[in-house]
Structures are given as C-alpha cells and as structure tokens.
There are 2 protein chains.
Amino acid sequence: MTSADRLSTTLSALADPTRRAILARLTMGEASVNELLAPFSISQPAISKHLKVLERAGLITRGREAQWRPCKLEGSALKDVADWLEPYRRFWEERLDRLDEHLRQLQAAKGSKHDQRK
Amino acid sequence: MTSADRLSTTLSALADPTRRAILARLTMGEASVNELLAPFSISQPAISKHLKVLERAGLITRGREAQWRPCKLEGSALKDVADWLEPYRRFWEERLDRLDEHLRQLQAAKGSKHDQRK
DNA sequence: GCTGTACATATCCGACTGGTTATATTTCCA
DNA sequence: TGGAAATATAACCAGTCGGATATGTACAGC
C-alpha cells in the first residue's frame with residue numbers, strides 16, 4: 001500500500017463519529033468488544049466491523065485473552081495524520097494572526113472614542 | 001450540523017488523495033478549476049465534484065472572477081482536525097511511552113478488566 | 001448577435017459503507 | 001459434556017462515493 005493510500009485509509013477510518021468515540025474510550029485503557037459496544041445503540045456485529053476498520057487502518061491492535069479480544073489504541077497511525085497536517089499549520093495560525101490584527105484595530109478604534117460602552 | 005458531524009465531514013473530505021493533492025496545490029496560492037484539473041487524468045466534472053466536497057467541508061472557499069471560480073485554501077477546518085488530534089499526541093510521542101505503559105500496568109493490576117457491563 | 005471558454009449540473013454506473021439479522025466459532029464453567 | 005458468553009462471519013439492503021459522458025449556463029471578445 002502506498003503512503004497516500006495508507007493515509008487515506010486512516011482518515012476515512014477517522015471520518016466516523018462512532019469510530020472516533022471508540023478511540024476516545026481507548027485512551028482510558030484497553031477494552032473488550034462488549035465494553036466498547038456498551039455506549040452505543042447499534043448491534044455487536046456493527047461494532048466488530050468498526051473495529052476491523054480501525055485495525056486495518058492501524059489505529060488499534062488486538063490481543064487474545066481467552067474468548068476476549070482486547071483492543072488497544074495505536075498512536076502511530078495518528079502520527080501520520082499529524083505529520084500530514086503539520087505543513088498546513090501556518091494556514092490556520094495565519095488566519096488567527098489576521099483575526100488578532102483585526103481585533104487590535106477594532107480595539108484601537110474603540111479606544112479613540114470617548115464612550116467605550118454601547 | 002453538530003460538531004461531530006462537521007469533523008466527520010472534514011475528515012471524509014480529506015480521506016481522498018485527489019482532494020489532498022488539490023489542497024497541497026492551493027498552499028501555493030489560489031487556483032482556477034482548470035489549473036487544479038491539469039495534474040490529474042480525470043474529467044472536469046470529477047474535479048468540480050471534489051471541489052464541492054472540499055467547499056462543503058469548509059476546506060476551501062471560492063470567489064467569482066468573470067467565468068472563473070478561483071479556489072482558496074481555508075485553514076480553519078484543518079485546525080478542527082488538529083485540535084481533535086492534539087489529546088492523542090501522547091500516544092505517539094516516545095517520551096511518554098514509559099509513563100503510559102506504567103499507568104496501563106497499574107490499571108491492569110486493579111483486575112476485573114473485562115467485566116461485562118451489560 | 002455568435003463562438004469559444006470555464007465551469008456547473010444531470011444522469012448513470014459499479015464499488016464501497018454502515019447498518020441489520022442469522023449463524024458459526026471459541027472458550028469458560030457448572 | 002453441554003450450555004452460556006464473547007466475538008466473528010455471512011448475507012443482505014439502502015445509501016453514498018467517485019468516476020464517466022452529455023448537456024446546460026455564464027461570461028469574454030469579436
């Protein structure tokens with residue numbers, strides 16, 4: 001799989017609120033399928049499918065403990081996303097800079113008036 | 001649209017290599033549809049669809065200049081992704097791995113890890 | 001006006017997605 | 001040994017996706 005395809009797989013795995021909720025739960029530690037199922041009103045096979053997608057994307061790994069298949073968060077795939085995102089940082093920080101500049105101009109305009117309250 | 005849905009829309013827009021390539025091109029400045037089309041061997045309507053997806057996700061904005069519709073990168077949607085990603089950083093950074101492992105061992109030592117909740 | 005250019009929209013198609021229910025598999029335990 | 005629990009797999013369905021081709025719309029310049 002090419003690097004672009006891997007990133008696509010990861011991002012599309014993340015583009016689902018249920019799967020992101022699963023990842024959020026896993027930040028608190030490993031969990032079984034049933035534990036991950038509990039907060040949702042969907043069927044168990046649906047969760048198993050989500051876990052398969054997350055595993056395929058490298059976002060989780062799975063162990064074996066008797067009849068349990070504990071899930072564990074795997075950070076490295078998220079790092080790929082962060083690394084892709086990084087070069088774009090200036091495009092949202094720049095925006096904030098401009099907003100900040102704008103706010104300072106507003107502030108200056110306000111300060112030049114006698115009555116600062118509406 | 002809820003916050004989760006907006007993030008899902010953004011992530012699924014990013015989960016396509018063609019759309020990410022379009023964003024990469026736009027880091028070098030605004031571009032027309034034809035300019036964005038050039039590097040790809042897909043049809044013009046296909047690019048228009050991709051641009052619609054990117055616009056809906058808030059990743060680009062579009063102007064009007066005669067018969068051209070220049071596209072411009074919009075960083076704020078990417079910031080949403082970065083903000084979502086940030087709490088997961090400790091899961092890929094090496095420095096905290098030992099602490100994390102330690103915490104997970106403590107958690108495991110508490111036992112009854114796999115109690116069923118239903 | 002007329003023509004060419006830039007782009008959007010409509011429609012269709014095959015592949016994929018996220019959900020379901022039903023069933024199979026693996027493992028523990030009484 | 002046999003049942004219950006945890007999980008996986010199979011089959012199905014409706015909706016979405018990314019592509020195509022064909023056509024429509026808006027504007028520039030002659």
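The chains referred to below are lettered A, B, ... by the order of the sequence lines, with proteins before strands, and numbering in each begins at 1.
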In numerical order, the residues of residues 24-33 of chain B whose heavy atoms come under 4.0 Å of DNA chain C are B/Ser32, B/Val33

Nucleotide by nucleotide, 5' to 3', does protein get under 4.0 Å of the base (B), only the sugar-phosphate (S), or neither (-) in nucleotides 18-30 of chain D, counting heavy atoms? BBSBB----SS--

Could you check whether A/Arg62 gets within reach of a base, just the sugar-phosphate, or nothing at all, counting any heavy atom under 4.0 Å?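 Contact class for A/Arg62: sugar-phosphate only.
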
State the [atom1]-[atom2] distance between [X] and [Y], to the nearest 0.5 angstrom.
{"X": "B/Arg25", "Y": "B/Glu35", "atom1": "CZ", "atom2": "CD", "result": "5.5 Å"}
{"X": "B/Leu26", "Y": "B/Leu59", "atom1": "CG", "atom2": "CG", "result": "10.0 Å"}
{"X": "A/Thr10", "Y": "A/Arg56", "atom1": "OG1", "atom2": "CZ", "result": "10.0 Å"}
{"X": "A/Ser12", "Y": "B/Asp16", "atom1": "OG", "atom2": "CG", "result": "10.0 Å"}
{"X": "B/Arg89", "Y": "A/Lys79", "atom1": "CZ", "atom2": "NZ", "result": "8.5 Å"}

Apply side chain to side chain contact (heavy atoms under 4.5 Å, CB included) to B/Arg69 and list each qualifying residue two or more places apart in sequence or on a separate chain.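 Applying side chain to side chain contact (heavy atoms under 4.5 Å, CB included) to B/Arg69 gives B/Arg62, B/Arg64.
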
Output the rounded distance in Å from [atom1] ([X]) to [atom2] ([N]).
{"X": "A/Leu14", "N": "C/dG18", "atom1": "CG", "atom2": "P", "result": "12 Å"}
{"X": "A/Glu55", "N": "D/dA8", "atom1": "CD", "atom2": "P", "result": "9 Å"}
{"X": "B/Arg69", "N": "C/dT9", "atom1": "CZ", "atom2": "C1'", "result": "13 Å"}

With B/Ile22, which of B/Leu37, B/Leu51, B/Ile60, B/Val53 fulfils side chain to side chain contact (heavy atoms under 4.5 Å, CB included)?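 Among B/Leu37, B/Leu51, B/Ile60, B/Val53, the one meeting side chain to side chain contact (heavy atoms under 4.5 Å, CB included) with B/Ile22 is B/Leu51.
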
Looking at A/Asn34, I'd like to know whether one of its side-chain N or O atoms comes within less than 4.0 Å of OP1 or OP2 on D/dA5. no

Quick one: is A/Ser48 getting a side-chain N or O under 4.0 Å of the D/dT7 phosphate, OP1 or OP2? no

Check whether the side chains of A/Thr27 and B/Arg90 place a donor and an acceptor atom closer than 3.5 Å, and report yes or no. no

Could you tabulate the donor-acceptor pairs under 3.5 Å formed by side-chain atoms of residues 40-49 of chain A, not counting sequence neighbours?
unit_1: A/Ser43; atom_1: OG; unit_2: A/Ala46; atom_2: N; d: 3.4
unit_1: A/Gln44; atom_1: NE2; unit_2: A/Ser48; atom_2: OG; d: 3.2

Please round to 10 degrees the angle between the axis of the first five pairs and the axis of the last five pairs in the helix from C/dG1-D/dC30 to C/dA30-D/dT1. 10°

Can you list the residues that meet the ring-ring contact (aromatic ring centres under 6.0 Å, His included) rule with B/Trp68, with sequence neighbours excluded?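 Here no residue qualifies.
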
Nearest atoms (heavy-atom pairs only) where A/Ala15 meets B/Ser8: CB-O, 3.8 Å

